[in-house]
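Before any comments, here is the structure.
Sequence lines set the chain letters: A, B, ... in the order given, protein chains first and strands last, and positions in each chain run from 1.
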Amino acid sequence: MEKRLIKKDALAGIPKKIRENFTVFAPVKVEDNVVFKELEPQEEPLVGHYQNTKNAPKGVFFPRTEVMMRYVRTPKGVQLKGIEMAAADAVLFGVRPCDARSFALLDLLFDQEKYKDPYYIAKREKATVVTLACARVPYRTCFCTSVEGGPLDGKGSDVLITDLGTDFLVEFLTPKGEKLGSYFEGTPASEEAEKKKEEVKQKAEGEIVSHIPAREIKPILDVNFDHPFWDTIHKKCLACGTCTYLCPTCHCFDISDEMKYDDGRRLRNWDSCMYPLFTKETSGHNPRPTQKERWRQRTMHKFKYYVDNFNAIACVGCGRCVMYCPVNIDIRKIVEDISKLQ
Amino acid sequence: MEAIERNLREEAKRLLAEKKVDVIVGYEAGTLPLTATPTFITDPAEAERLVWNPLCVHNLAKYVHDVITQHRNSQKRVKPESRTRKVVGVVARGCTSRSIILHLQERQYGREDIVIIGVPCQGYIDRKKLSVSLNGEEVLSGTIEGDEIKVMTGTGEKRLRLSDVLADNCITCRFNNPIISDVSLGEPASAMKAEEEFNEVNAFEQLSSDERWAYFEKEMAKCIRCYACRQACPSCYCPECFVEQSRPQWVGIGGDASDTQVFQIMRIFHMVGRCVDCGSCIAVCPMGVDLRKFLKKLDKDAFELFGSRAGSSLEDPPVLSTFKEHECEDFIYNP
């Protein structure tokens, strides 16, 4: 694995160079929001001068809506017109370590032995993730170290860039990342840089003020499906989809068919466990009839079911749901409260 | 403000202790600095949690409707003689009381189902404005001192004028005191700049239809269809929204721009004479869609054409659910 030091002022020009050969996704300021999106020809990405994007970058691999296939209705029945799985060579530039980690977590689900999701995999395989480590921790709501991540964590990344103060340390973590080597002109990193990175890491981790007992609540969740605690979270919940739509790891989807005359298309869309239609069955029955059951689902899915299935917590500690919930339902407090249940 | 808060807690404690109400819907401090969040108090001892300050954003009438409806539904399978009523106490400022009036007029619950604790209001802080005036820096801590907000961010302490970060709907609010209440706390609040209420809409009306449409398209393109606006709106209480109906399906759930526009247009048009301009839909929108421009236009039309303002008086029913003989309908005959 190669490591290089690059000059601080060199970083801003790199996405532009990469754009000549790749589709680039990066943080962009749009009105008052910093969003992670595909760079339009005239758009300038934010490099370094942002905390984190409002939306999670999961949408690159798992878009809010995507066409799975097209078909046409004929007198002889329905005929398949094509499956859409084309993906461009892409670079995700300036992802934060928590969000990069979300890709590794989503891989466990979409690219597992039993089920392979071709739509996700097609995009994921052709994409290279260039991560900008959090040398300064962006928010007081960040809690990545409580969910097995860290401000300098490289999981899910192909290239990891760390601000060492004087230079950037660029680590090429995977063969995919090494292929981008030519865009990062610099000098080989010495052991000293290594040491400096360790210092930056210690400092950044120390800056994190939010901590949650994420692993510790698993055994409690295992036996408390019917605990009265579940009556206490949801009352003020608006049942909007903000938390799930901004979440880097939420991945529930809904499939629907849309017809226009004889032309049909099958779409996959984000779903949200906060919605009344979530898991509603054709009969009209819904096993999760109220917000209480939906909130239990969201909590269990992140801190129990995903651990059962993949031995990983489905939360990266980015704090988006904490910051942007319109009624301040705070997952940190929920986890904390659960840890105190008898 | 502190005196009102103290009275509020005492009043809430009394109402709960005397069993005049089963639950109080109010605000408590949030887990993030400079935030308040809706809360439900059932134990008199918990009344101490209640707060009343310019961080109280949400129109709580939405929760009054939710709590009463859910309780009614839970009583459906109970024998008629054993059914119970649930009385909800609610902390209500002007716009909240207007929404309650609208609910009462639309027969959503009875006057006996609610106890209104009226509070005067000088507007609430728009979190997006606050964030912009801090250049997007995170609020580490903050306090409100009179007309000033003291905020600590990563780059040091900043002082902001409260009036600079109030929500637009608050700055020009005409009804910042409760219209109806059972308990009234504090002195009535002084008037806001109500005469400027329609300035923004008037300016928008001057644009060409192409420009207005372009603005609508631009704003709607931000929408991620999380439905926070609909969910926060006290006037959006349909048991099933048309966007969630599937037989037939009125709106696609994909990312097609026209589907989003249809959802928003339909919601906005359902608000004619029913929007109290509480700003909740805008406050909760994670993407900062400017819904108010369009809602305020309909508000203005309802007022200028029919002299109606949603929930401004119990005696003045919603404009689209009433017919008055003198109302001229020339347009039908002379298009």
Side-chain angles (χ1 to χ4, degrees), chain A residues 29-35 50-51 54-55 59 63-67 136 138-141 209 232 235-246 254 256-260 265 267-272 274-277 280 282 290-291 319-320 322-330 332-333, chain B residues 23 25 28-33 35-40 57-58 60 62-63 66-67 70 73 127-129 131-132 136-141 154 218 222 224-233 239-241 243-246 249 252-256 259 280-281 283-288 290:
Chain A
K29 182 130 198 231
V30 181
E31 295 186 8
D32 296 332
N33 291 328
V34 177
V35 292
Y50 67 97
Q51 291 164 305
K54 185 156 239 180
N55 58 334
R64 189 167 77 82
T65 179
E66 70 184 312
V67 179
R136 293 289 311 274
Y139 307 103
R140 315 241 313 171
T141 43
V209 292
T232 64
K235 283 200 186 107
K236 65 178 173 180
C237 177
L238 293 175
C240 75
T242 304
C243 52
T244 53
Y245 279 14
L246 299 185
D254 188 20
S256 84
D257 281 17
E258 282 183 2
M259 296 285 296
K260 194 172 182 186
R265 51 185 200 158
L267 299 168
R268 166 155 88 176
N269 303 281
W270 288 356
D271 201 350
S272 166
M274 295 292 123
Y275 290 162
L277 279 188
K280 188 170 177 180
T282 317
T290 72
Q291 215 56 21
R320 285 186 180 88
V322 180
M323 284 187 281
Y324 302 120
C325 171
V327 293
N328 182 232
I329 296 180
D330 191 330
R332 296 173 303 169
K333 184 170 184 304
Chain B
V23 58
V25 187
E28 66 178 328
T31 60
L32 301 175
T35 60
T37 172
T39 188
F40 301 81
V57 171
H58 308 88
L60 299 178
K62 174 237 164 18
Y63 294 106
D66 280 3
V67 171
Q70 277 160 20
N73 290 340
R127 284 199 73 76
K128 284 164 204 123
K129 273 194 196 175
S131 167
V132 170
E137 285 182 63
E138 190 187 20
V139 178
L140 303 182
S141 66
K218 171 179 87 76
K222 293 185 210 165
I224 56 170
R225 297 270 291 275
C226 69
Y227 303 127
C229 49
R230 178 191 75 188
Q231 297 302 109
C233 177
E240 190 182 45
C241 180
V243 279
E244 267 131 23
Q245 290 178 330
S246 53
Q249 187 181 23
I253 61 170
D256 198 292
D259 285 326
S280 286
C281 54
V284 300
C285 176
M287 306 315 289
D290 179 9

query = Of all heavy-atom pairs between B/Ala228 and A/Cys240, which one has the smallest distance, and what is that distance?
reply = CA-CB, 3.3 Å
inquiry  = I'd like to know if B/Lys218 pairs up with A/Glu31 as an ion pair, taking the criterion as any Lys NZ or Arg NE/NH1/NH2 lying under 4.0 Å from an Asp or Glu carboxylate oxygen.
reply    = yes
request  = Against chain A, label B/Lys222 side chain, backbone, both or neither, depending on which of its atoms sit under 4.5 Å from a heavy atom there.
outcome  = side chain
note = In terms of heavy-atom pairs under 4.5 Å with chain B, the winner among A/Val322, A/Leu238, A/Leu267, A/Thr65 is A/Leu238
key: Gap separating the CZ atom of A/Arg64 from the SG atom of B/Cys226, nearest 0.5 angstrom   = 9.5 Å
key: Contact summary for A/Asn269 and B/Gly254, nearest pair of heavy atoms   = OD1-CA, 3.1 Å
ask   = Counting only N and O atoms by type, is there a donor-acceptor contact under 3.5 Å from the side chain of B/Tyr227 to the main-chain atoms of A/Gly241?
value = no
query = Distance from B/Gln249 atom CD to A/Asp257 atom CG, nearest 0.5 Å?
reply = 9.5 Å
message = If I compare all heavy atoms of B/Thr31 with all of A/Asp330, which pair ends up nearest, and what's the gap?
response = OG1-OD2, 2.6 Å
query = Quick one: does A/Lys54's side chain have a donor or acceptor within less than 3.5 Å of a partner on B/Pro286's backbone?
reply = yes
inquiry  = Taking side chain as everything from C-beta outward and backbone as N, CA, C, O, which of these in B/Asp256 sits under 4.5 Å from a heavy atom of chain A? Side chain, backbone, both or neither.
reply    = side chain
inquiry  = Between A/Lys280 and B/Glu244, does any side-chain N to carboxylate O distance fall below 4.0 Å?
reply    = no
inquiry  = Within this structure, what is the CG-CZ distance for the pair B/Leu32 and A/Arg140, rounded to the nearest 0.5 Å?
reply    = 11.0 Å
A/Lys333 portion near chain B, given a 4.5 angstrom heavy-atom threshold = side chain
key: Side-chain donor/acceptor of A/Asn33 to backbone N/O of B/Met287, under 3.5 Å   = yes
key: Top of B/Thr35, B/Ile224, B/Val132, B/Thr39 for chain A proximity - count of heavy-atom pairs under 4.5 angstrom   = B/Ile224
Value rounded to 0.5 Å, distance of CH2 in A/Trp270 from CZ in B/Arg225 = 13.5 Å
ask   = Can you say whether A/Ser256 sits under 4.5 Å from chain B via the side chain, the backbone, both, or neither, judging by heavy atoms?
value = side chain
task = Compare every heavy atom of A/Lys236 with every heavy atom of B/Tyr63, then report the nearest pair and how far apart it is.
result = OH-O, 2.6 Å
task = Could you tell me which portion of A/Arg268 (side chain, backbone, both or neither) has an atom closer than 4.5 angstrom to a non-hydrogen atom of chain B?
result = neither
request  = Let me know if A/Thr141 has heavy atoms under 4.5 Å from chain B in its side chain, its backbone, both or neither.
outcome  = both
inquiry  = Need one label for A/Glu66: side chain, backbone, both or neither, based on atoms under 4.5 Å from any heavy atom in chain B.
reply    = neither
task = Please report the shortest heavy-atom distance between A/Asn328 and B/Gly30, naming the atom on each side.
result = OD1-CA, 3.1 Å
message = Please classify the contact between B/Asp259 and chain A as side chain, backbone, both or neither, with a heavy-atom cut-off of under 4.5 Å.
response = side chain
ask   = Side chain, backbone, both or neither: which part of A/Arg136 has a heavy atom under 4.5 Å from chain B?
value = neither
query = So what's closer than 4.5 Å to chain A heavy atoms on B/Gln70: side chain, backbone, both or neither?
reply = neither
